[in-house]
Chemist: 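Have a look at this one.
The analysis underlying the following values was restricted to heavy atoms, covering all of them including side chains, and did not include hydrogens, waters or symmetry mates. In what follows, chains are A, B, ... by sequence order, proteins preceding strands, each numbered from 1.
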There are 2 protein chains.
Amino acid sequence: MARPRQALLTRQRIIDAAAALIDAEGLDALSTRRLATELGVRGPSLYNHFANKDEILDAVADAITSKVDVSFFATHDWRDALRLWGRSYRQALVTHANIVPYLAQGPGRRPAALAMADAVYGGLVKAGWPPARATHIGALMRYFVAGSALGSFARGFVEDPQLYAAHYPHLSQAHRLAEHQQSVDEGAFALGLDALIAGLEQTYERVVGSLP
Amino acid sequence: MARPRQALLTRQRIIDAAAALIDAEGLDALSTRRLATELGVRGPSLYNHFANKDEILDAVADAITSKVDVSFFATHDWRDALRLWGRSYRQALVTHANIVPYLAQGPGRRPAALAMADAVYGGLVKAGWPPARATHIGALMRYFVAGSALGSFARGFVEDPQLYAAHYPHLSQAHRLAEHQQSVDEGAFALGLDALIAGLEQTYERVVGSLP
DNA sequence: GTCTATACCTGGATAGAC
DNA sequence: GTCTATCCAGGTATAGAC
């Protein structure tokens, strides 16, 4: 099996397999050898499609970001657009939570991330937000979404009541958090998103609403 | 130099050196060999003080979290407490941004993290927030702070105007972001924190203010 | 309590055959 | 375009001398 008639690998197959591997076992599980094995191939073959491992990771990150829906800024009020975009953004990251640290720290060179920033910024400015504020809003939404995808709050807790009751008076029910992990995270995200938009609305009225 | 009269290492020295190394060169730079070298010692010596590498990382994470000031919940109005705690929390993480991915994903077994959660939850409940909401608020604040420390929004951009102007119509000034990275991040955090608290205030009036 | 020595594994990447 | 073979660096951790 030196050179198969039909290529065994494509960039897309590699990206998909890498994403699946990271989702299942974490960022550290992604090695070129391991990824190749998943694809029924040997390590070095990957280098026919990507120059190095970082290029693979960047491609995965870009694919995930490209799933975020930013179309709302063209069709909706900025408040609704922010809310709908925020949900779509979180959804995209939560389903690939293990890659969030890489994705959030990565450089602003990935096309999908730039397209997203462009749409958000453009939409906010068009709605009347001053450019500096629009930048801040794009950034703070990113903080909130990335943070919520990164660290499930509840995942941290352990299902052992004894561990908390003794030393942390207010956390006596904390072990229950482990049971309701997902609903706690979703509730916290929903509450935060509502609060953020309501708070920004006040700023908007003060800053933009007072103009002619 | 087999057995020195005075121990060369202490847990505290190891923790400090590990934090400094991570701050300077990132999480991946922390290996037992490298850390030992920084301490003027050989790799295996560390195992006299910690069972394994994860224990070292947990100790670093705990040390950082313990620097967060949660005393405000005992002395201030919940709004002010939230704001002051948020700033202190962000400050602690931003100065050790490289460890945020580990810290945010880690388990809820670290004493400092539990003490913090306990103080926040207790303070909010005492202020009249229903327990479920108090949990959500603690979580959403964590999302926002961790997200803001994790990924500097502006750091991602590159100081090359050409890169953006061509394809992203609204980002023509994006290269300027790289110059003002810190002020963008601080401005975005401040705006988001204000908006969050203002938004929560509305919820508070609706949920708590209407009670007897 | 730190050392040396070492076992053992995994990693990313390249060269050259087919 | 995938293979084999190989390099080299680095990782965690243990055993036993001093």
Chemist: Roughly how many Å is it from CG in B:Leu39 to P in C:dG1, rounded to a whole number?
Modeler: 16 Å
Chemist: Can you pull out every ring pair (Phe, Tyr, Trp, His ring centres under 6.0 Å) where at least one residue sits in residues 80-110 of chain B? Sequence neighbours excluded, please.
Modeler: B:Phe73-B:Trp85, B:Trp85-B:Tyr89
Chemist: Carefully, step by step, assess B:His49 and B:Thr10 under the rule side chain to side chain contact (heavy atoms under 4.5 Å, CB included).
Modeler: CA-CA 7 Å; B:His49 303 266; B:Thr10 62; 5.6 Å; no
Chemist: Using nucleotides 11-16 of chain C, report all nitrogen or oxygen pairs with the protein that are shorter than 3.5 Å.
Modeler:
unit_1 : atom_1 : unit_2  : atom_2 : d
C:dG11 : OP1    : A:Ser31 : OG     : 2.7
C:dG11 : N7     : A:Arg33 : NH2    : 2.4
C:dG11 : O6     : A:Arg33 : NH2    : 2.8
C:dG12 : OP1    : A:Lys53 : NZ     : 2.7
C:dG12 : OP2    : A:Thr32 : N      : 2.7
C:dG12 : OP2    : A:Thr32 : OG1    : 3.0
C:dG12 : O6     : A:Arg33 : NH1    : 3.4
C:dG12 : O6     : A:Arg33 : NH2    : 3.0
C:dA13 : OP2    : A:Tyr47 : OH     : 2.6
C:dA13 : OP2    : A:Lys53 : N      : 3.2
C:dA13 : O5'    : A:Tyr47 : OH     : 3.4

Chemist: Taking it one step at a time, do A:Met141 and A:Leu82 satisfy side chain to side chain contact (heavy atoms under 4.5 Å, CB included)?
Modeler: CA-CA 8 Å; A:Met141 287 288 292; A:Leu82 225 43; 4.2 Å; yes
Chemist: Can the ring centres of A:Tyr168 and B:Tyr121 be said to be less than 6.0 Å apart?
Modeler: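 That pair fails the under 6.0 Å test.
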Chemist: Taking only N and O in the side chain of B:Ser45, is any of them less than 4.0 Å away from OP1 or OP2 of C:dG1?
Modeler: no
Chemist: In whole Å, what is the span from the CG atom of A:Leu21 to the C1' atom of C:dT10?
Modeler: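 Those two atoms, CG and C1', are 14 Å apart.
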Chemist: Report, as yes or no, whether the 6.0 Å neighbourhood of atom CZ on B:Arg79 holds more than 12 heavy atoms from other residues, nucleotides or ligands.
Modeler: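 Atom CZ in B:Arg79 is packed in, count exceeds 12.
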Chemist: Within this structure, what is the CG-to-C1' distance between B:Leu46 and D:dT14, rounded to whole angstrom?
Modeler: 14 Å
Chemist: What's the CG-P distance between B:Asn48 and D:dT12, to the nearest Å?
Modeler: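 Taking CG of B:Asn48 and P of D:dT12, I get 16 Å after rounding.
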Chemist: To the nearest Å, how far apart are B:Leu35 CG and D:dG10 P?
Modeler: 16 Å
Chemist: Assess whether side chain to side chain contact (heavy atoms under 4.5 Å, CB included) is satisfied between B:Leu193 and B:Arg87, documenting all intermediate values.
Modeler: CA-CA 9 Å; B:Leu193 186 59; B:Arg87 286 189 197 144; 4.1 Å; yes
Chemist: Can you pull out how bent the helix from C:dG1-D:dC18 to C:dC18-D:dG1 is, comparing the axes over its first five and last five pairs, to 10°?
Modeler: 0°
Chemist: Can you tell me the distance, in whole Å, between the CZ atom of B:Arg42 and the P atom of D:dA15?
Modeler: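 After rounding, the reported distance stands at 21 Å.
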Chemist: Identify the residue among B:Leu46, B:Asn52, B:Thr37 that makes a side-chain contact (heavy atoms from CB on, under 4.5 Å) with B:Thr32.
Modeler: B:Leu46
Chemist: Over 60° means perpendicular and under 30° means parallel, so tell me whether B:Tyr143 and A:Phe144 are parallel, tilted or perpendicular.
Modeler: tilted
